[in-house]
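A short worksheet on the structure shown next.
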Protein chains: 2
Amino acid sequence: MRVTKQRTAILDFLRSKRHHYSATQIYDAVREKIPNISLGTVYRNLAQLIEDKEIISVETSDKCVYYDGFTADHAHFVCEGCKEIFDFPLILEDSEPSKAGFLVENQRVVYYGLCAKCNKK
Amino acid sequence: MRVTKQRTAILDFLRSKRHHYSATQIYDAVREKIPNISLGTVYRNLAQLIEDKEIISVETSDKCVYYDGFTADHAHFVCEGCKEIFDFPLILEDSEPSKAGFLVENQRVVYYGLCAKCNKK
DNA sequence: TTCCTTATTAGTAATGATTACTATTATCAT
DNA sequence: ATGATAATAGTAATCATTACTAATAAGGAA
């Protein structure tokens with residue numbers, strides 16, 4: 001695997017923000033530094049970065065995937081009001097699948113609802 | 001909301017199987033009873049059934065959404081070997097978001113890994 | 001440093017799930 | 001039975017993601 005300025009820029013961007021971005025949002029952001037970067041390059045590098053466990057993906061009920069440079073185990077909360085995605089700590093117990101002899105490599109916890117601000121309205 | 005044979009057939013199908021199906025799989029299955037049902041009809045009814053809390057949707061890292069007629073709270077395990085989706089009980093504690101004043105309307109727990117059978121290989 | 005191999009890229013086309021649109025049909029309250 | 005209108009079939013459009021290919025650039029060897 002070669003170190004390219006494209007991959008570096010994508011990873012730097014995700015690491016610099018404690019937020020969650022779609023491929024298109026990442027594309028737009030990185031284009032400010034590398035104006036002719038291709039969207040395909042963004043997708044390919046995101047896939048590689050996930051494989052290398054440098055970033056994680058967040059699947060919500062949205063039609064697109066979000067990417068997160070913060071890789072420590074945590075849960076996500078998707079606000080159905082403002083659409084914001086919040087991080088929450090994840091309390092890990094002995095999971096049911098591992099008790100059943102399944103190998104758990106990853107787990108995703110996503111809450112849906114209203115954040116404190118939207119809940120008040 | 002009117003009761004149509006299309007919506008009834010979709011709901012009956014999902015309820016009759018303890019499994020998870022994509023919109024296309026549901027379309028194919030229901031077409032055996034209603035040969036000229038439209039895929040758009042399937043999607044529209046699935047959306048309505050979710051709104052009425054008659055079914056739930058399962059978002060995985062797959063590009064398509066799966067639908068589940070079993071609505072009691074439970075977790076899903078996606079096997080990266082055989083691609084099967086398994087159900088697991090979900091132990092609910094006081095969630096972190098609710099402690100923070102967020103209104104949790106839904107929560108999704110998805111594990112990724114290898115099921116017992118694939119793990120042995 | 002220069003050269004060579006080959007991974008990576010830019011640009012574009014293709015795919016595939018989902019949504020939108022519209023004329024027609026069927027549900028159900030009256 | 002009938003009329004208002006919600007729902008449908010069929011098709012076209014959208015949009016995220018993937019595939020493809022000729023050109024480029026990373027990095028090891030000379």
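Naming: A, B, ... by sequence-line order, numbering from 1 per chain. Keep in mind that what you see is a predicted model, and the values were worked out from it rather than measured.
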Counting the atoms with a prime plus P, OP1 and OP2 as sugar-phosphate, which does B:Leu39 contact under 4.0 Å by heavy atoms, base, sugar-phosphate, or nothing? base
Separation of A:Arg31 atom CZ from C:dG11 atom P, in whole Å? 10 Å
Whole angstrom is fine here: how far is it from OH in A:Tyr27 over to P in D:dC15? 16 Å
Give A:Arg7 one of three labels, base, sugar-phosphate or nothing, depending on what nucleic acid heavy atoms sit under 4.0 Å from its own. sugar-phosphate
Assert: residue with more 5' nearest nucleotide on DNA chain D, out of B:Lys63 and B:Met1, is B:Met1
Decide yes or no, distance alone: a donor-acceptor N/O pair under 3.5 angstrom between the base of D:dT5 and the side-chain of B:Arg2. yes
Please report, rounded to the nearest Å, how far the C1' atom of D:dG10 is from the CD atom of B:Gln6. 13 Å
Return the nearest nucleotide to the side chain of A:Val3; candidates are D:dA4, D:dG27, D:dA9. D:dG27
Qualifying residue, where the test is side-chain contact (heavy atoms from CB on, under 4.5 Å) with B:Gln6 and the options are B:Val42, B:Ile34, B:Val30: B:Ile34
Any side-chain heavy-atom pair of B:Glu59 and A:Thr60 under 4.5 Å: no
Is B:Asp68 close to B:Ile55 at the side-chain level, that is, under 4.5 Å between some pair of heavy atoms? no
Between A:Thr4 and C:dT8, is there a side-chain N or O to OP1/OP2 distance below 4.0 Å? no
Would you say the side chains of A:Thr41 and A:Arg44 form a donor-acceptor pair under 3.5 Å? yes
